[in-house]
Amino acid sequence: MASLRDIKSRITSTKKTSQITKAMQMVSAAKMNRAEMNAKAFVPYMTKIQEVTASIAQGSKGVQNPLLTSRPVKKTGYVVISSDRGLAGAYNSNVLRQLFNTIKSRHKSNDEFAIIAIGRVARDFFKKRNMPVILDIIGVPDQPSFAEIKDIASKTVGMFADETFDELFLYYTHYVSAIQLDVTEKKLLPLTDIKSEGKLTSYEFEPSAEEILDVLLPQYAESLIYGALLDSKASEHAARMTAMKNATDNANDLISNLSLVYNRARQAAITQEITEIVGGAAALE
């Protein structure tokens with residue numbers, strides 16, 4: 001059995017750990033609330049730009065644009081969003097496992113696909129498995145602005161436009177609530193299934209529908225990436241908050257168990273001392 005000093009030392013160190021995890025839980029909760037507001041605030045913009053884009057694309061006959069056109073698939077691109085740090089429970093492993101399994105089932109060679117990684121964990125995961133990561137970005141802030149990811153978003157859309165990829169898929173974690181985070185696959189390009197949530201609106205175009213779509217469609221595709229990133233950030237903070245809460249609860253349970261063991265060991269030591277004293281007194285009689 002461990003000595004009283006060893007048990008006391010473990011109790012002290014576990015209490016310090018629980019204080020750290022409790023503080024991290026509170027920080028993640030505050031970040032989650034702000035990230036959730038950012039994600040929800042972006043929804044009206046996405047709804048409107050989707051409505052306008054769908055109305056122009058479907059309401060104008062004969063409109064042609066590379067982002068709207070399907071072509072034979074020779075190479076597939078995958079955009080995956082993860083975090084830069086761990087301590088977020090299964091947040092990273094769930095989305096990375098799903099993409100990894102999808103790639104293994106769809107492709108027989110690394111020449112058939114490439115990965116665009118947003119987040120250090122995703123980049124390192126696929127590079128360690130010798131999978132082609134052609135673009136990556138790390139150090140995305142907890143409350144990202146569009147300007148901070150516009151470069152990788154525009155490069156991603158450009159790779160489809162110049163036929164580096166024939167289709168693009170987006171993998172991220174959708175925030176439903178603090179306790180429900182869903183791994184989501186979304187077809188990013190081509191925009192063959194774009195549709196409006198409501199009734200199509202008729203627009204008058206100046207200069208023309210084609211020229212408007214040339215500008216609007218890349219912005220829409222880039223906005224899909226940004227919206228998924230905002231969603232993922234809310235999910236990341238929620239997952240980290242839950243993980244730190246579980247760590248704090250486990251530390252408190254361990255402290256309770258160690259305290260019980262400590263008290264029993266102390267009681268046994270006291271009993272042993274009393275027994276030795278009584279035995280010594282009896283021997284002197």
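- In terms of modelled atom types and a separation under 3.5 Å, the side chain of T53 and the main chain of Q50 share no donor-acceptor contact.
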- [ ] Please test L213 against L68 for side-chain contact (heavy atoms from CB on, under 4.5 Å), starting from the C-alpha separation and ending with a verdict.
- [x] CA-CA 10 Å; L213 285 178; L68 294 172; 4.3 Å; yes

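- The pair E112-K108 does not meet the salt-bridge criterion, since no charged nitrogen lies less than 4.0 angstrom from a carboxylate oxygen.
- Across E163 and R71, no two heavy atoms sit closer than the pair CA-NH2, 3.4 Å.
- Grouping the Ile, Leu, Val, Met, Phe, Trp and Tyr side chains by contacts below 4.5 angstrom, directly or via other members, places V80 apart from M159.
- Using a 4.5 Å heavy-atom threshold, the side chains of Q143 and K233 count as separate.
- With contacts defined as side-chain heavy-atom distances shorter than 4.5 Å, the pair T156/L168 qualifies.
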Open item on the list: Pair T21, N250 - check side-chain contact (heavy atoms from CB on, under 4.5 Å), show working.
Closed with: CA-CA 10 Å; T21 55; N250 291 338; over 6 Å; no

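- A heavy-atom distance below 4.5 Å is not found between the side chains of L96 and Y171.
- In the hydrophobic clustering of this structure, L67 groups with I212; members are Ile, Leu, Val, Met, Phe, Trp, Tyr whose side-chain heavy atoms approach within less than 4.5 Å, directly or through other members.
- Proximity of a side-chain donor or acceptor of N101 to a complementary backbone N or O of R97 within less than 3.5 Å is detected.
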Open item on the list: Apply side-chain contact (heavy atoms from CB on, under 4.5 Å) to residues I225 and I152 and explain how you reach the verdict.
Closed with: CA-CA 10 Å; I225 298 175; I152 193 170; 5.7 Å; no

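- The CG atom of D249 lies 8.0 Å from the NZ atom of K22; values are rounded to the nearest 0.5 Å.
- For E276, the side-chain hydrogen bond (donor to acceptor under 3.5 Å, both in side chains) partners two or more places apart in sequence, or in a different chain, are Q272.
- Taking CZ of R264 as the start and OG of S259 as the end, the distance is 12.0 Å to the nearest 0.5 Å.
- Going from atom NE2 of H237 over to atom CE of M32 covers 10.0 Å, rounded to the nearest 0.5 Å.
- When atom types are taken as modelled, the side chain of D182 and the backbone of H174 share no donor-acceptor pair closer than 3.5 angstrom.
- Screening N94, V121, L99 for a side chain to side chain contact (heavy atoms under 4.5 Å, CB included) with S82, the sole residue that qualifies is V121.
- The main-chain N or O of V95 is never found under 3.5 Å from a side-chain atom of Q98 such that the two would form a donor-acceptor pair.
- Salt bridge present: R106 and E185 bring a charged side-chain N and a carboxylate O closer than 4.0 Å.
- I115 and F160 are not part of a single hydrophobic cluster, where members link through side-chain heavy atoms under 4.5 Å apart.
- No donor-acceptor distance shorter than 3.5 angstrom exists from the side chain of R123 to the backbone of G119, with no hydrogens or angles considered.
- Separation of atoms OG1 (T14) and CD1 (I255) is listed at 5.5 Å; rounding is to 0.5 Å.
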- [ ] With salt bridge (charged side-chain N to carboxylate O under 4.0 Å, His left out) as the test, would you mind laying out the steps for K128 and D124 before giving the verdict?
- [x] CA-CA 6 Å; K128 286 179 180 177; D124 295 346; 5.8 Å; no

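- Taking the charged nitrogens against the carboxylate oxygens, K155 and D151 do have a contact shorter than 4.0 Å, which makes a salt bridge.
- Salt-bridge check for E222 with K150: passed, with a basic side-chain N closer than 4.0 Å to an acidic carboxylate O.
- Between the side chain of D84 and the main chain of I118, no donor-acceptor pair closer than 3.5 Å is present.
- T173 and S235 are not linked by any side-chain donor-acceptor pair at a separation below 3.5 angstrom, with hydrogens and angles left out of the test.
- Side chains of I7 and R266 form no contact here, defined as non-hydrogen atoms less than 4.5 Å apart.
- With contacts defined as side-chain heavy-atom distances shorter than 4.5 Å, the pair T76/F165 does not qualify.
- Between K75 and D166 there is no salt bridge, since no side-chain nitrogen of the basic residue lies less than 4.0 Å from a carboxylate oxygen of the acidic one.
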- [ ] Determine, stepwise, if the pair Q219 / V215 fulfils side-chain contact (heavy atoms from CB on, under 4.5 Å).
- [x] CA-CA 7 Å; Q219 290 181 356; V215 176; 3.7 Å; yes

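- At least one donor-acceptor pair under 3.5 Å links the side chain of N92 to the backbone N or O of S83.
- Nearest approach of R240 to S28, heavy atoms of both residues: CG-OG, 3.4 Å.
- Legend: ring-ring contact (aromatic ring centres under 6.0 Å, His included) pairs involving residues 30-54, not counting sequence neighbours, sorted by first then second residue: F42-Y45, F42-Y226.
- Taking every heavy atom of both residues into account, T242 and A178 meet most closely at OG1-O, 3.8 Å.
- The local environment of NZ in K74 is sparse, with at most 12 non-hydrogen atoms from other residues, nucleotides or ligands closer than 6.0 Å.
- How far OG of S145 is from CD of E148: 3.5 Å, rounded to the nearest 0.5 Å.
- In plain terms, the two heavy atoms of L170 and L224 that are nearest each other are CD2-O, 3.9 Å.
- When hydrophobic clusters are built by joining Ile, Leu, Val, Met, Phe, Trp and Tyr residues whose side-chain heavy atoms come closer than 4.5 Å, directly or via intermediates, L189 is grouped together with I134.
- Y172 and I81 make their closest contact through CB-CD1, 4.0 Å (heavy atoms, listed as atom of the first residue, atom of the second, distance).
- Using a cut-off of 4.0 Å between Lys/Arg side-chain N and Asp/Glu carboxylate O, R10 and D6 are scored as not salt-bridged.
- With sequence neighbours left out, H107 forms a ring pair (Phe, Tyr, Trp, His ring centres under 6.0 Å) with Y78, F113.
- Residue V133 is not grouped with residue I149 when hydrophobic side chains (ILVMFWY) are merged at heavy-atom distances under 4.5 angstrom, including chains of intermediate members.
- What you find for Y91 and A239 is that their closest heavy atoms are CB-CB, 3.6 Å.
- Here the CE atom belonging to M46 is positioned 12.5 Å from the CD atom belonging to E51, to the nearest 0.5 angstrom.
- Within 6.0 Å of atom CD1 in I179, 12 or fewer heavy atoms from other residues, nucleotides or ligands are found, so the atom counts as exposed in its surroundings.
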